[in-house]
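The next block holds one structure in the form of structure tokens; read it before the comments.
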Amino acid sequence: MKKKSYEKIVYAAMRFTTYLIILIIAYIIIEIVWNGAAALSVEFLTDSPKQSGAAGGIFPAIIGTLYLVTGTICIALPLGMASALYLSEYAAVGRLTNTIRLAIITLAGVPSIVFGLFGLGLFVIFLNFGTSILAGSLTLACLILPTIIVSSEEALRTVPQSLREGSLALGATKWQTIYKNVLPYSVPGMITGSILGVGRAAGETAPILLTAAAFFLPKLPNSIFDPVMALPYHLYVLATQHPDAAKVRPMQYGTALVLLLMVLGINLVAILIRRHFRKRYRW
Amino acid sequence: MVKVIDLKSKTKTKVSVSNLDFYYNTVQALFDITIDVPANQVTALIGPSGCGKSTFLRTLNRMNDIIPATRCEGKILIDDKDIYDTSTDVVALRKMVGMVFQKSNPFPKSIFDNIAYGPRIHGINKQSELSGIVERSLDRSGLLNEVKDRLHKSALELSGGQQQRLCIARALAVDPEILLMDEPASALDPQATMKIEELIDELRKDYTIIIVTHNMQQAARVSDFTAFFYEGKLIEFGETQKVFTKPKKKHTEDYVTGRFG
């Protein structure tokens, strides 16, 4: 009898914690949608900020984040895919590969502000890119590289070894085998994983704080060497730097809502790609 | 159906293996294998699981190269050329020595693209030429009539037996001289197995076939020569009829009569 009630308590506790997680997420979403929806308007989405962000819109920040996200994926995807290919198809199992893997895992655990400082030191100052889209994208690329490598390796592993052997047995070289009989089936998975990683990059503030983001810009950037406004940084500025906190609150919530929707949109794209290709390749 | 062959008339050797040792890391899997595989005959490799017959088969097209930390000592000559010589072009070797695997492994592509895969990597790109090769290969493997209306459908829609014959057709498409078959029918039902065996019988005219099989009846039915492997050693090699009816070694006799294995 006692045992049974103990069982019940444990069960209830686990159920409670699970529901608690959902509750927290629901609260965040409801809070942001509730307060942010009021701020949403055509002007908000298409206009520049006015009165240091207390009025006007967030258009430059939306575009800036889009630029950063695009730049990040253009840099990180090829690099990450190449590393994953090397690690899973070419590298011999040994101390070197183990060290590389350990480094990748460690990289994934480095706080994002450290990436920001690293980007500031290397890209902004040493390579003299200045505070710019390029420096920011490179920094964000470093941040999500581990995610891309790990998910790309995962995608490569799902291709059965028998397909590689079948190709090699016909006299294909290793690269021919990878190019024609491994990559076509694993690229969708690689892209999906990478986009999910980029979704995270879109919301990061610390790495771009020091490398790409500007407090306010009157016009859109002209080249990759220009700084940009970005949604997470704009949100940070509104929340902490504005003298009249109450006045900018609706703009804050509106910005948060747009950022949330954007990340959601990016993840949705990834899920759709995965669904599309999952139907095409089965074995 | 056991064939009676005069050994003396079969003088030509296709694959000549001498003193072959093979190691996975420090574990020796093959011990001092010496065997002359005759050309244009079917040679069956039999023996209990783990006896090294598949490992031996995979040394012949150097498929073991892709397994890390393996080592091969001794000589394997194909048409008098040492295939483990540093000057050997592995790509050319594997083109000449085709392989069919235990589990059929059609690529997740169309039937046409599966067959055309080999010719394409070897530089044939003309559509008319490829069509000809695809048709001939499917015809040779007895699959043409079953699939000619759906060449551009996925190969994965075929039945298990058809998939295996597709893999044979795919191997034939690069014009090999030797066909290695690693238990090609072990995952198939009796009907599909029969078709594969008939196909092997057809192909013996033009190819040197080496087949690993677990099935003693199959070895007796399809092969001209049989090699019995046990614990990494070649115990006995000779005409199939002799190996099965009058084996020289006690071990072979015990195995082929089903006393162990």
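Letters A, B, ... are given to chains in the order of the sequence lines, protein chains preceding strands, and every chain is numbered from 1.
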Review point. Do the rings of A:Tyr86 and A:Tyr90 sit parallel, tilted or perpendicular, given the 30° and 60° boundaries?
Key: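 A:Tyr86 vs A:Tyr90 ring planes: parallel.
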Practice item. Specify whether A:Phe123 and A:Phe129 have parallel, tilted or perpendicular ring planes, treating 30° as the upper limit for parallel and 60° as the lower limit for perpendicular. Key: parallel
Review point. Do B:Arg170 and B:Phe107 meet the cation-pi criteria used here (NZ or CZ under 6.0 Å from the six-membered ring centre, within 45° of the axis)?
Key: yes
Check your understanding: Where is the tightest heavy-atom contact between B:Leu20 and B:Cys72, given as atom of each residue plus distance?
Key ->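 Here B:Leu20 and B:Cys72 meet closest at CD1-SG, 3.4 Å.
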Practice item. Take A:Arg157 and A:Glu154 through the salt bridge (Lys or Arg N to Asp or Glu O under 4.0 Å) test and state the conclusion after the steps. Key: CA-CA 5 Å; A:Arg157 256 199 300 276; A:Glu154 202 65 53; 3.4 Å; yes
Point to revise | Interface moiety of A:Ala172 toward chain B, non-hydrogen atoms closer than 4.5 Å | key: both
**Study point:** Atom group of A:Lys174 that falls short of 4.5 Å from chain B, counting heavy atoms
**Key:** neither
Exercise for review: Pick whichever of B:Ile66, B:Val174, B:Val100, B:Ile121 has the most heavy-atom pairs under 4.5 Å with chain A.
Suggested key: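 The residue among B:Ile66, B:Val174, B:Val100, B:Ile121 with the greatest pair count is B:Ile121.
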Point to revise | Top of B:Lys103, B:Lys109, B:Lys95 for chain A proximity - count of heavy-atom pairs under 4.5 angstrom | key: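 Going by pairs under 4.5 Å, I would pick B:Lys109.
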Check your understanding: Between B:Pro176 and chain A, which part of the residue has a heavy atom less than 4.5 Å away: side chain, backbone, both or neither?
Key -> neither
Practice item. Could you look at B:Val90 and say if it's the side chain, the backbone, both or neither that has a heavy atom under 4.5 Å from chain A? Key: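 Neither part.
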Review point. Should A:Met81 and A:Val187 count as side-chain neighbours, where that means a heavy-atom distance under 4.5 Å?
Key: yes
Practice item. For chain B, find which of A:Thr173, A:Leu168, A:Asn181 contributes the most heavy-atom pairs closer than 4.5 angstrom. Key: A:Asn181
